[in-house]
Each structure stands twice: as structure tokens, then as C-alpha cells.
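All remarks here apply to the structure that follows.
Quick note on labels: first sequence line is chain A, next is B, and so on, each numbered from 1.
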Protein chains: 2
Amino acid sequence: MNESFKALADPTRRQIIRLLREKDRTAGEIADYFRMTKPSISHHLSALKHAGLVQDERKGQFIVYSLNTTVLEEVLGWFLELTGAGNSNEAEPPAAKDQPRGKLQSDKEEI
Amino acid sequence: MNESFKALADPTRRQIIRLLREKDRTAGEIADYFRMTKPSISHHLSALKHAGLVQDERKGQFIVYSLNTTVLEEVLGWFLELTGAGNSNEAEPPAAKDQPRGKLQSDKEEI
DNA sequence: TATATATTTAGACAATTATCTAAATATTGA
DNA sequence: TCAATATTTAGATAATTGTCTAAATATATA
């Protein structure tokens with residue numbers, strides 16, 4: 001989930017997602033939409049893939065990228081849970097004084 | 001919008017949003033949930049504020065932070081448009097060969 | 001007014017990121 | 001098998017980010 005949010009933080013990557021929302025495209029086709037070099041786009045595609053937001057499949061000479069809507073919907077779920085119908089989900093109470101601060105932000109648990 | 005996505009890319013900031021979803025809290029209360037120093041949390045609050053995701057108001061000695069659900073819903077909208085009912089929204093076609101690449105990714109337009 | 005409390009600002013530093021060029025790999029087809 | 005095309009990997013570099021400590025600012029209260 002954290003990887004997804006990080007991947008979505010870049011405007012180029014968000015635009016790639018929008019392009020793939022229309023239809024599957026090859027790396028080269030995607031690169032043609034941007035003023036960036038192909039290696040840079042390849043790097044962005046790699047970040048999206050690492051986050052699970054896209055998949056790739058070689059088709060002969062080409063590599064075709066497609067959207068993984070499941071992961072995208074997971075992120076959507078995060079927002080729905082937050083903005084959605086006024087349900088109460090309490091957070092952890094503050095940590096005790098002597099053990100300075102709370103125990104969130106462990107980088108492991110999903111936030 | 002880009003600032004919102006960037007702000008959401010950090011797990012600490014996402015957790016702050018969840019804390020504020022429950023109720024308004026002072027900077028100190030928020031900081032108590034994390035193992036980070038108060039200046040670091042202040043920095044994160046500043047990023048959230050800059051993105052318009054939270055607001056602050058001084059109350060005497062304290063500064064109370066609250067969620068701006070409007071901006072949060074804008075981001076939610078981005079996902080809904082993407083994942084939602086199968087409407088077709090076409091992207092710009094690829095740029096011509098001689099003017100090397102597309103004209104997206106101008107960093108100005110919202111993506 | 002002096003001191004304590006709450007919070008931010010400033011400045012430093014290490015880690016991460018976005019981008020580039022050059023080179024490597026994979027596939028196709030002559 | 002060789003050359004062309006599609007894409008990625010490697011390595012470099014500048015910019016951005018997340019964190020810290022120390023200092024500054026704002027408010028409350030004795």
C-alpha cells in the first residue's frame with residue numbers, strides 16, 4: 001500500500017495510469033506521450049509495477065503494459081474508509097509518558 | 001492536486017490524517033502518537049497544510065489541526081473517475097515524429 | 001515581568017528520487 | 001547470422017525529502 005501511494009505521488013506515473021485506463025499499451029507507446037527519455041519512462045513503469053499498479057507482458061519485440069485495477073481499488077478503499085459514511089474507527093491512544101512516544105509509524109504496518 | 005498526492009505519499013502523514021479523521025487535535029497531541037521529534041511532526045503538518053489537506057487554528061497556547069475533507073474528497077474523485085463506471089475519457093494522441101514527444105507532463109496541468 | 005509550555009523555524013545531513021547518457025539484452029526478419 | 005527495433009539496466013548527478021538538534025516565537029500564568 002505504501003508503495004502504491006509513493007507511486008501515485010508522481011504526475012508522470014499518474015498520467016501513465018490514465019493512459020492505461022483507456023487500453024493496454026507498449027512501453028514505447030507510453031513513452032511517446034511524454035517529453036522524457038525512454039529510460040526515464042521505463043523507470044516510472046518499473047515503479048508502477050513494483051507497486052503492483054500495472055502488469056507487463058512481453059509480446060514479441062514489445063512489452064505491453066496493463067492496469068491492475070485491483071490494487072488501484074485497494075487505494076480507493078483507503079479513501080472511502082476515510083471519507084465514507086461516518087463510522088467510528090478509533091486510533092491507538094497516546095503512549096505513556098516514560099516510553100516517550102506512541103508506537104505507530106513502524107514503517108511495517110499499513111497506514 | 002499534485003501537492004495532495006505528494007503529501008499522501010508518506011505513511012506518517014497518512015496516519016496523521018487518520019488521527020484527524022476522528023477529531024481535531026493539537027500539534028502536541030498528534031506528535032505523541034509518533035516516535036518522531038515534534039519538529040519533524042511540525043514539518044509533516046506543514047506539508048499537509050500546504051496541500052490543503054488540513055487546516056490549523058491557534059487556540060491560546062495550542063494550535064489545533066483539523067481535516068479538510070473537501071480536498072480529501074477531491075483526491076477520492078480522482079480515483080473514482082479512474083476506477084468508476086466504465087466511461088470513456090480519451091487521452092491526447094501521441095505527438096508528431098518531428099516534435100519528438102507528447103505534450104503532457106508539463107508539471108503545470110493537473111494529472 | 002519572568003518563567004514555563006507549545007509550537008515553529010533554521011540549518012545540517014543522509015537517503016531517496018527523477019532524470020540523463022551510454023551500454024546491454026531480447027526479438028524479429030533479411 | 002547480422003542489422004534493426006524495442007526495451008531495460010547501469011551509472012552519474014542534481015534536486016527533493018525526512019529527520020535531527022538548536023534556536024526562535026507565541027501564549028499563559030505566577
Completion exercise
Smallest heavy-atom separation, S4(B) atom then A51(B) atom, equals OG-O, 3.5 Å
Exercise for the section: Rounded to the nearest angstrom, tell me the gap between atom CE in M36(B) and atom P in dT17(D). Expected result: 16 Å
Handout entry: Phosphate OP1/OP2 of dA6(D) contacted by Y65(A) side-chain N/O (<4.0 Å)
Key = no
Handout entry: Protein-nucleotide distance (R25(B), atom CZ; dA6(C), atom P), rounded to Å
Key = 17 Å
Problem - Donor-acceptor under 3.5 Å (R13(A) side chain, L8(A) main chain) - result: no
Fill in the blank from the handout: In whole angstroms, the gap separating P of dA28(D) from CZ of F62(B) amounts to 10 Å
Problem - H43(B) NE2 - dA23(D) P separation (whole Å) - result: 21 Å
Practice task
Determine: side-chain N/O of S40(A) to OP1/OP2 of dA18(C), distance under 4.0 Å, yes or no.
Solution key: no
Handout entry: 5'-most by nearest nucleotide on DNA chain C - A27(B) or G60(A)
Key = A27(B)
Practice task
Output yes when at least one side-chain N/O atom of H44(B) is less than 4.0 Å from OP1 or OP2 of dT19(D), else no.
Solution key: yes
Exercise for the section: Measure across R25(B) and L20(B) and return the closest heavy-atom pair with its distance rounded to 0.1 Å. Expected result: N-CD2, 3.8 Å
Handout entry: Spacing between R13(B) atom CZ and dG18(D) atom P, to the nearest angstrom
Key = 4 Å
Problem - Side-chain N or O of T12(A) closer than 4.0 Å to phosphate OP1/OP2 of dA18(C) - result: no
Problem - Between P of dT17(C) and NZ of K6(B), the distance in whole Å - result: 14 Å
Practice task
Using a 4.0 Å heavy-atom cut-off across all strands, classify S46(B) as base, sugar-phosphate, or nothing.
Solution key: nothing
Completion exercise
Per nearest nucleotide of DNA chain D, the residue lying toward the 5' end, Q61(A) or R58(B), is Q61(A)
Problem - side-chain N/O S42(B) vs dT7(C) OP1/OP2, d < 4.0 Å - result: no
Exercise for the section: May I have the distance from I63(B) (atom CD1) to dA26(D) (atom C1'), rounded to whole angstrom? Expected result: 8 Å
Handout entry: Electrostatic pair E81(A)-R18(B), nearest N-O below 4.0 angstrom
Key = yes
Exercise for the section: Let me know the distance between NZ of K59(B) and P of dA26(D), rounded to the nearest Å. Expected result: 20 Å
Exercise for the section: State yes or no: do M1(A) and F79(B) share one hydrophobic cluster built from I, L, V, M, F, W and Y residues joined by side-chain heavy-atom distances below 4.5 Å, directly or via other members? Expected result: yes
